[in-house]
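The structure under discussion appears below in the form of structure tokens.
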Amino acid sequence: MPRTNDTVEAALTEYADLLSILTEDPYKPRSYEKAGRSVGGYPDDLAGMDRKQILKIPNVGASIGEKIEEVVRTGTFEALEELRAQIPPGVRGMIAIPGLGPKKAIVLYRDLGIADVEDLRRAVDEGRLADLKGFGAKTEENIRRGIERLSQSGQRVLASVAMDLASELIERLGSRRDVRKIAYAGSLRRMAETIGDLDLLVASDRAAAVMDAFASDRVVERIVAKGEAKTSVLTRQGMQVDLRVVPRDAWGAAMIYFTGSKPHNIRIREMAVRKGLKLNEYGLFKAKSGDLIVAENEEEVYAQLGLPWIPPTMREDRGEVEAALEGSLPDALTRKQIRGDLHTHTNLTDGLATLEQMLEAASAFGYAYYAVTDHAPNLFMQRMTDEKMLAQREQVRKLQDGYPKMTLLHGTELNIDGEGNVDWDAEFLDGFDVCVASVHSLFNQSKDEMTRRIVHAMENPNVHVIGHPTGRIINKREPVDLDLDEVFKAAARTGTALEVNGYPDRLDLKDEHILWARRHGVKFSVDTDSHATTHLDHMRFGVATAQRGWLTKDDVINAWPLSKLKTFLRKGR
DNA sequence: GCCGTTTTCGGCCCGACTGTTTTCAGTCG
């Protein structure tokens, strides 16, 4: 079930889209779009708010405030219904086609009666766009390709997949002499959970040569656009990659610009304007004289705007600029602050590596502690038994001598059954150093059942961490239906940590849920759920997700010293 | 429609690229 805020955001965004199609005024749609985003990112639930509180939301004034109340009450608002009556819903769908915006969409509808993407596809095939003013042969071809791309792509890729492509391109282009600096930016640098386009930034004095090399790289299927400063290509896998080349002394300003997010950039550019300055990808300038102030690195640019450097993972216009201004921007968790991994597997169950191999690989990360948490018996396919588990514990204790700097913790990943009970009784569970408990079955329970189930598991004094709390698999499986507010309250009350699972297709809890849970005083465990030695490095995605949820080392139990962690694991007993 | 270190009107981020035009609108990020 979507949160009320999400419903309201969707309504405002749809209204903004319809306005952009039906009116000339470019500012009004933008207002609704901004208000929608503010509402979506607002921490409090709109359902319980009165008008005065609603008007405190940034970018929400009297007019939009009234409409928000209407949506909370009825699920929609009158003005939206009026616009919906004017054009078919499919026209809005057409502006999702790359290269086709609101202005062309309305011409297609008004002049040819084209009402959705399918109509448009037929019209293009039949050559009916030919006599339309403003639509030439190339536009027609671009629309044809845009429709194709929309139907096949639409699917954003996991951050880990984009990261691999970025590494490959950076390695090849970065080895060129005329490439002084190269880095990925965009949503990958912000470590969003999925990536639409890959953005690469290069510092070079020979832009044309670098872009030629890029455009003829082996991964390139087709060149989408190529100019003096920017080239866009489509890879064979269907991913768009944008390359921007700037002079080296503009690196910092360009990185800010290219990293985004777009709303974050707009916020800081507006700040610049108010200070009589102008910010673009070439630097921060005095508005009147055009004199350059700074450009070379990000810290300087932020500093001149009166801001501390803001980590890319927090640049989402979720209040980070305001927090930075008042000096309350949290010190985001860093990879270095992670002292151990509390959720990992071996080949005793479904892992690929032996206990010895996992420990050896983990010790390379310099961890102070490390937990082995193989699956418990009720996940029957794993064929776990009490004997096997106890034998593993013996083995772990023996291997401890080989790791003087890393305390080995013996744990397990329990299964939360339909009623919220777990595999073993208290006596057996007492033998573990740490217990993660997760849902692995009955994903389709009702919201009430699922919520009761997880809360019951958290009330078990031997359950320390709830693993991948919503169970979603990105692009594959929906999250389970949960009353998250109840779950977060119970986690705080029982002293149970919620996992931030760093496995790239889980990232569970996700950033927005973390922000929400954190306000309830919940503690978190940032883990990899590794099933192979190579998975241990997924901690980078877990930490990035934690940063996107504004977590600090104080919020994260595996960033604590072992003694403090052990106190937490006693759950107040 | 929102907002205020140019405060209750008059702005609203900024630049690159494309395509169809003859100087610019549309789209994108």
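We name chains A, B, ... by the order of the sequence lines, and we start the count at 1 in each one. Every heavy atom of this structure was used, including side-chain atoms; hydrogens, water molecules and symmetry mates were not.
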field: Inter-nucleotide P distance (B:dC28, B:dT20), Å rounded
entry: 15 Å
- prompt: Looking for any heavy atom pair under 4.0 Å, which part of the strands does A:Arg30 touch: base, sugar-phosphate only, or nothing?
  reply: sugar-phosphate
- prompt: Base, sugar-phosphate, or nothing: which does A:Pro29 touch, judged by heavy atoms less than 4.0 Å apart?
  reply: nothing
message: Classify A:Ala35 by what it touches in the nucleic acid, base, sugar-phosphate, or nothing, heavy-atom distance under 4.0 Å.
response: nothing
Between B:dT8 and B:dC14 - P atom distance, rounded Å: 22 Å
statement: Closest heavy-atom pair, A:Gly290 versus A:Phe285, reported as atoms and distance to 0.1 Å, is O-CD2, 3.4 Å
- prompt: Want to settle it: does A:Lys103 or A:Gly65 sit nearer the 5' end of DNA chain B, counting the closest nucleotide to each?
  reply: A:Gly65
- prompt: How would you label the contact of A:Ile64 with the nucleic acid (heavy atoms, under 4.0 Å): base, sugar-phosphate, or nothing?
  reply: sugar-phosphate
- prompt: When you compare B:dT6 with B:dG11, how far apart are their P atoms, in angstrom units rounded to a whole number?
  reply: 14 Å
- line: With sugar-phosphate taken as primed atoms, P, OP1 and OP2 and all else as base, the protein-contact string of nucleotides 15-23 of chain B at under 4.0 Å (heavy atoms; B, S, -) is SSSSSS---
A:Lys103 versus A:Ser20, closest heavy-atom pair with distance: NZ-O, 3.3 Å
message: Taking the P atom in each of B:dC13 and B:dT5, what is the distance between them to the nearest angstrom?
response: 16 Å
statement: In this structure, CG of A:Leu305 is separated from CZ of A:Arg267 (nearest 0.5 Å) by 12.0 Å
query: So what does A:Pro26 hit on the nucleic acid, given a heavy-atom distance under 4.0 Å: a base, only sugar-phosphate, or nothing?
result: nothing
query: With a non-hydrogen cut-off below 4.0 angstrom, is A:Lys104 in contact with a base, only sugar-phosphate, or nothing?
result: sugar-phosphate
- prompt: For the atom pair CD1 (A:Ile106) and CD1 (A:Ile114), what is the distance rounded to the nearest 0.5 Å?
  reply: 11.5 Å
- prompt: Under 4.0 angstrom, heavy atoms only, what part of the nucleic acid is A:Ile268 near: base, sugar-phosphate, or nothing?
  reply: nothing
field: Interatomic distance, A:Leu100 CG vs B:dA25 C1' [rounded to whole Å]
entry: 14 Å
Aro-ring/base stack A:Tyr27-B:dC12, d under 5.5 Å, angle under 30°: yes
task: Please state how far atom CG in A:Leu80 lies from atom C1' in B:dG1, giving the value in whole angstrom units.
output: 16 Å
- prompt: Say you pick atom C1' in B:dT7 and the same atom in B:dC12; how far apart are they, in whole Å?
  reply: 15 Å
message: Go nucleotide by nucleotide along DNA chain B from the 5' end; which of A:Asn265 and A:Ile95 gets its closest nucleotide reached first?
response: A:Asn265
- prompt: Sub-3.5 Å donor-acceptor pair from the side chain of A:Thr552 to the main-chain atoms of A:Asp331, do we have one?
  reply: no
message: In whole Å, measure the gap between the P atoms of B:dG26 and B:dT21 for me.
response: 13 Å
- request: Looking at every strand, decide which applies to A:Ile97 at a 4.0 Å heavy-atom threshold: base, sugar-phosphate, or nothing.
  value: sugar-phosphate
For nucleotides 5-11 of chain B, print each protein N/O atom paired with a nucleotide N/O atom at under 3.5 Å, atom names and distance only.
from	atom 1	to	atom 2	distance (Å)
B:dT6	OP1	A:Arg274	O	3.1

- prompt: side chain to side chain donor-acceptor pair (under 3.5 Å) between A:Thr545 and A:Asp511: does it pass, once the steps are laid out?
  reply: CA-CA 6 Å; A:Thr545 303; A:Asp511 51 5; over 6 Å; no
statement: Heavy-atom closest pair (A:Gly65 atom, A:Ile54 atom, distance to 0.1 Å) is CA-CG2, 4.0 Å
message: Checking salt bridge (Lys or Arg N to Asp or Glu O under 4.0 Å) between A:Arg519 and each of A:Asp485, A:Asp45, A:Asp555, A:Asp44, which is the one that passes?
response: A:Asp44
field: Residue among A:Ile474, A:Leu158, A:Asn501 satisfying side chain to side chain contact (heavy atoms under 4.5 Å, CB included) with A:Leu507
entry: A:Ile474
- request: Select base, sugar-phosphate, or nothing to describe what A:Asp197 touches, counting heavy atoms under 4.0 Å on all strands.
  value: sugar-phosphate
- prompt: Which value, rounded to the nearest 0.5 Å, describes the distance between A:Met314 atom CE and A:Arg190 atom CZ?
  reply: 14.0 Å
